[in-house]
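See structure below.
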Amino acid sequence: MMLSYEEKYENKVFVVDNQRISVTQRRSVMDAIELAQNGYDGKQIQEILLREKFESSIYIMVDTLSYLKKGGRITPAAAIGTVLRIKPVLQIQGEKLDAYAKVKTLKAAKSTMIKAIRYDFEERFHDPDGDNFYMHVAYTADDTEAQAFRKELETEFPGHRVDFVDPLSLSVSCHIGPGALAVAISKKVPELG
């Protein structure tokens, strides 16, 4: 960002720190490309992406807490959930990663994430059908459950298409381990129709 203020980069380089990560960050990049293709300049794209920065949610189920414990991301006391076979569902809204729910099964985790997305559509974003949102699925290691989750989401939210099902980045995957499953929503940029 400091470099973007240097004279030789001024009005040529625009940094967007919209506090998105993973699949919602990918959506921002795709939006930026489409905005550029539609004639928006760098400054306009930066302003639009920063305006929309909190218009997304990610819910992620972690299969085991052991990788978070090994990486020092949770306390040993919190890791007792691994013994109890608890699958935490975490949420990312803007810059915060928070615990959302604790469940025992994959089925319960998926149900919890679907309810969370429905709540976001209705209460947080005031768009009951989620018509103005993209939906994405992400996973670690094996895409079998992710593809099944895609079908469940498309059934639960008629008219919605899950835009992509992708593996989480290695920088995220190494901290949460295999078996993680996530759903993300990102508001459609109004300028793109």
Would a hydrophobic clustering, with Ile, Leu, Val, Met, Phe, Trp and Tyr connected at side-chain separations under 4.5 Å, put I92 with V62?
-> yes
D129 side-chain N/O to D131 backbone N/O, donor-acceptor pair under 3.5 Å | no
Treat each ILVMFWY residue as a node, draw an edge where side-chain heavy atoms are under 4.5 Å apart, and state whether V15 and Y5 are in one component.
-> yes
Side-chain touch D31/I48, heavy atoms, less than 4.5 angstrom | no
Pairwise side-chain contact, I117 with Y59, heavy-atom cut-off 4.5 Å (strictly under) = yes
Answer yes if the side chains of Y40 and Q46 hold a donor-acceptor pair under 3.5 Å, and no otherwise.
-> no
Verify the ring-centre separation between F121 and F157: is it less than 6.0 angstrom?
-> yes
Sub-3.5 Å donor-acceptor pair from the side chain of H160 to the main-chain atoms of M135, do we have one?
-> no
State which residue, out of D163, T24, V23, fulfils the side chain to side chain contact (heavy atoms under 4.5 Å, CB included) condition with Y134.
-> D163
Taking all non-hydrogen atoms of both residues, which atom of S57 and which atom of F125 are closest, and how far apart?
-> OG-CE1, 4.1 Å
Side-chain contact, heavy-atom cut-off 4.5 Å: E55 with R20?
-> yes
Considering non-hydrogen atoms only, spot the tightest contact between G179 and A141 and give its length.
-> N-CB, 4.4 Å
Pairwise side-chain contact, L35 with Q44, heavy-atom cut-off 4.5 Å (strictly under) = no
Taking every heavy atom of V189 against every heavy atom of R51, the minimum-distance pair comes out as CG1-NH2, 4.3 Å
S186 side-chain N/O to S56 backbone N/O, donor-acceptor pair under 3.5 Å | no
pair K43-E47: side-chain heavy atoms closer than 4.5 Å | yes
Start with the C-alpha distance between L181 and V137, add both sets of side-chain angles, then the distance that settles side-chain contact (heavy atoms from CB on, under 4.5 Å), and finish with yes or no.
-> CA-CA 7 Å; L181 186 62; V137 171; 4.2 Å; yes
Going by heavy atoms in the side chains, are T105 and K87 under 4.5 Å from each other?
-> no
Between CD on residue E152 and CE on residue M113, distance to nearest 0.5 Å = 9.0 Å
Would you mind checking if R27 and E52 are paired as a salt bridge, meaning a charged N to carboxylate O distance below 4.0 Å?
-> no
So, R118 and D120, do they make that salt bridge, N to O below 4.0 Å?
-> no
Quick one: does Q19's side chain have a donor or acceptor within less than 3.5 Å of a partner on F54's backbone?
-> no
In the single-linkage hydrophobic clustering (I, L, V, M, F, W, Y; side-chain heavy atoms under 4.5 Å), do F133 and L153 co-cluster?
-> yes
Quick check: are there more than 12 heavy atoms from other residues, nucleotides or ligands sitting under 6.0 Å from CE of M2?
-> no
Work out which heavy atom in L90 is nearest to a heavy atom in A99; give both atom names and the distance.
-> CD2-CA, 4.0 Å
Linking I/L/V/M/F/W/Y whenever any side-chain heavy atoms sit under 4.5 Å apart, do V13 and V29 land together?
-> no
Least distance between heavy atoms, I60 atom then L168 atom = CD1-CD1, 3.6 Å
Is there a side-chain contact (heavy atoms from CB on, under 4.5 Å) between K115 and Y119 once you walk through the steps?
-> CA-CA 6 Å; K115 286 176 188 170; Y119 177 85; over 6 Å; no
Considering only heavy atoms from C-beta outward, does the side chain of E191 approach that of N38 to under 4.5 Å?
-> no
Answer whether the closest heavy-atom distance between the side chains of F149 and I114 falls below 4.5 Å.
-> yes
Cluster link M61 to V183, ILVMFWY, side chain under 4.5 Å | yes
Point-to-point distance, once rounded to the nearest 0.5 Å, from OG of S4 to NZ of K12 = 13.0 Å
Rounding to 0.5 Å, atoms CD (Q91) and OG1 (T112) come to a distance of 12.0 Å
Do side-chain atoms of S111 reach the backbone of K107 as a donor and acceptor pair under 3.5 angstrom?
-> no
Under 3.5 Å: donor-acceptor pair, side chain of T140, backbone of S173 = no
Would you check, one step at a time, whether the test side-chain contact (heavy atoms from CB on, under 4.5 Å) holds for I21 with I58?
-> CA-CA 9 Å; I21 187 171; I58 299 173; 4.0 Å; yes
Are the side chain of R150 and the backbone of V162 linked by a donor-acceptor contact shorter than 3.5 Å?
-> yes
If you measure from CD1 on I33 to CD1 on I45, what distance do you get to the nearest 0.5 Å?
-> 9.5 Å
